[in-house]
There are 2 protein chains.
Amino acid sequence: MQAYNLWPPTMEKHVTGGRRKFRREGADLRRSALVRATLDLIAEEGVRGATVRAIAERAEVTQGLIRHYFSTKEDLVLAAYLEHMAGLTEQTFATVERGGNARTRLVALVVASVTPPVVDAASVGLWAGFLNHVRQDERMREVHARTYHEFRDRLETLIVAALEEAGRVIGTGQARRLAIACNAVIDGLWLEGGALPEAFEAGELPGIALKSVGAILGLNLERGEQI
Amino acid sequence: MQAYNLWPPTMEKHVTGGRRKFRREGADLRRSALVRATLDLIAEEGVRGATVRAIAERAEVTQGLIRHYFSTKEDLVLAAYLEHMAGLTEQTFATVERGGNARTRLVALVVASVTPPVVDAASVGLWAGFLNHVRQDERMREVHARTYHEFRDRLETLIVAALEEAGRVIGTGQARRLAIACNAVIDGLWLEGGALPEAFEAGELPGIALKSVGAILGLNLERGEQI
DNA sequence: CAGGTAATTATGCAAGCGTATAATTTATGG
DNA sequence: CCATAAATTATACGCTTGCATAATTACCTG
């Protein structure tokens with residue numbers, strides 16, 4: 001993720017004799033630039049490195065502007081968390097939604113979840129950094145819960161569809177439990193793959209993920225058609 | 001975890017007219033008290049709350065003493081991380097090692113991993129707080145890797161034994177993959193159970209964990225004898 | 001093209017941080 | 001019982017932090 005230089009080459013910021021000293025931008029643009037800077041910094045340097053000053057510098061504004069858009073730093077961090085989790089979910093489901101039968105879509109989801117760019121050290125670091133805030137901030141906790149349930153519910157829907165496709169109908173209770181279980185495998189592999197990449201051989205995780213989820217569901221998700 | 005009052009009731013610290021102003025303690029005792037204070041603080045208030053001053057106060061010493069035992073704060077945090085992860089592993093395996101056949105021990109391990117006190121919000125918060133440091137500190141990364149592999153290796157040994165007990169012999173490659181998969185389920189459930197306790201019904205996780213691990217291994221781990 | 005308004009910068013403050021170092025106090029051993 | 005070393009406290013420094021507030025600046029509207 002690169003920070004954008006909002007200035008024409010001949011009109012640098014703060015240049016004596018330059019015409020403008022800064023440029024007004026729309027609120028949305030500035031807010032998203034600040035959020036992006038926050039995410040990049042937490043990913044690169046950890047929560048500790050994401051100070052108000054560093055964020056402002058990264059976003060190429062002065063620190064006072066942060067207060068103009070976010071009444072507190074915690075608000076900015078919350079916005080960044082929201083953005084990150086939404087992006088992660090979207091990224092994971094991106095290749096899934098379009099077409100194919102349920103089994104194919106499920107396979108795509110599982111594979112995407114444990115493959116770069118979803119599996120990524122910075123992404124896991126980011127997530128861990130936020131998780132620490134979650135315990136202390138009510139709003140963060142709410143985002144955490146919502147994100148988790150959203151992903152799990154979509155997974156559950158896909159599982160039910162894939163099983164029906166195979167001629168099996170299950171109750172809501174079992175669907176719930178299967179989704180929790182599959183979600184746990186995916187989460188676990190995603191986490192470990194991101195936090196400890198050197199512990200796994202290249203391309204090892206998708207195979208393990210498919211075999212495990214398949215075993216839990218009683219479906220053969222690897223190569224070939226059903227069963 | 002309570003902080004201990006090292007002083008006799010009649011001889012409080014800093015009391016004017018009291019005899020001693022402090023008491024010398026063995027290095028091990030002080031080091032462990034500081035580590036414990038650090039863990040408690042990170043668990044309760046997050047990484048941000050675990051300042052040198054707060055840690056010293058919690059351990060009932062002055063802040064200068066920290067520097068006497070740990071040359072830097074990062075060293076103290078490292079020691080705390082080591083302690084926490086070792087404790088977590090030990091706690092998880094505690095009920096497992098003693099007796100029983102391999103299948104029984106495996107069941108015990110899986111259940112213990114997703115049940116309090118191993119599943120615990122503070123413990124997960126602690127773990128997440130440390131994970132953030134892991135990305136930036138080489139020594140932390142080393143502890144992280146070692147802890148992960150140690151747990152997974154012990155799990156793998158247990159899996160191989162349980163399968164052999166059922167008359168199945170597997171190769172090292174498959175043993176490795178099964179261990180990775182089962183470890184991921186356990187990790188995922190542990191994480192979610194700790195971070196989002198209200199998302200699960202009471203006692204729901206052990207059942208899900210046993211069914212999932214059983215499905216992955218092709219073993220019936222729930223009630224009754226094998227198969 | 002003037003004037004108002006909102007965006008942005010500039011400046012500063014008070015508190016908290018980790019660390020360093022010197023001064024005390026306790027315990028130990030001859 | 002005194003000397004010595006180690007544990008512990010006391011104090012302070014320099015830096016960074018988040019936040020506040022006032023001074024500028026750019027842009028929009030008439």
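Sequence lines set the chain letters: A, B, ... in the order given, protein chains first and strands last, and positions in each chain run from 1. Everything numeric here is computed off the predicted structure, so don't read it as measured data.
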Where the side chain of A:R20 is defined as all heavy atoms beyond and including C-beta, which of D:dC27, C:dT8, D:dT8 is the nearest nucleotide? D:dC27
Would you say A:T51 places a side-chain N or O within less than 4.0 Å of OP1 or OP2 belonging to D:dT17? yes
Nearest whole angstrom, please: distance from the P of C:dT9 to the CD1 of A:I66. 11 Å
Between C:dA27 (C1') and B:E25 (CD): distance, integer Å: 12 Å
Is the phosphate of C:dT8, meaning OP1 or OP2, less than 4.0 Å from a side-chain N or O of A:Y69? yes
Side chain to side chain donor-acceptor pair (under 3.5 Å) involving A:S71 - partner list, sequence neighbours excluded: A:D75
Between C:dC13 (C1') and A:Q63 (CD): distance, integer Å: 12 Å
Closest non-hydrogen atom pair between A:A179 and A:E156, with its separation: CB-CB, 3.6 Å
Rounded to whole Å, please give me the gap between CZ in A:R31 and P in C:dT8. 12 Å
With a 4.5 Å cut-off on side-chain heavy atoms, are B:Q136 and B:N132 touching? yes
Between the base of C:dG18 and the side chain of B:R53, is there any donor-acceptor pair under 3.5 Å? yes
Of the nucleotides D:dA26, D:dT8, C:dT8, which has the atom closest to the A:R30 side chain? C:dT8
Write down the distance between CG (B:L34) and C1' (D:dA7), rounded to a whole number of angstrom. 13 Å
In whole angstrom, give the distance that lies between atom NZ of A:K21 and atom C1' of D:dT25. 8 Å
Starting at the 5' end of DNA chain C, which residue's closest nucleotide do you reach first, B:A50 or A:G26? A:G26
Output side-chain donor-acceptor pairs under 3.5 Å for residues 191-204 of chain A, partner residues at least two apart or in another chain, one line each.
from: A:E204; atom 1: OE1; to: A:E201; atom 2: N; distance (Å): 2.8
from: A:E204; atom 1: OE1; to: B:R176; atom 2: NH2; distance (Å): 2.7
from: A:E204; atom 1: OE2; to: B:R176; atom 2: NE; distance (Å): 2.7
from: A:E204; atom 1: OE2; to: B:R176; atom 2: NH2; distance (Å): 3.2

Atom CG of B:L65 to atom P of C:dT19: distance rounded to whole Å? 15 Å
Side-chain contact test, heavy atoms from C-beta onward, threshold under 4.5 Å: evaluate it for B:V185 versus B:L189 and give yes or no. yes
Could you tell me how the ring of B:W127 sits relative to the ring of A:W127: parallel (under 30°), tilted (30 to 60°) or perpendicular (over 60°)? perpendicular
Given 3.5 Å as the limit, does a donor-acceptor pair link the side chain of A:N183 with the main chain of A:F151, or not? no
Distance in angstrom units between B:R67 CZ and C:dA23 C1', rounded: 17 Å
Below the 4.0 Å mark, does C:dT8 have OP1 or OP2 next to a side-chain nitrogen or oxygen of A:H68? no
Between A:G64 and A:R48, just flag the one whose closest nucleotide in DNA chain D comes earlier from the 5' side. A:R48
Interface with DNA chain C, restricted to residues 70-83 of chain A and to heavy atoms under 4.0 Å: none
Please work out if B:V52 contacts a base, only the sugar-phosphate, or nothing of the nucleic acid, heavy-atom cut-off 4.0 Å. base
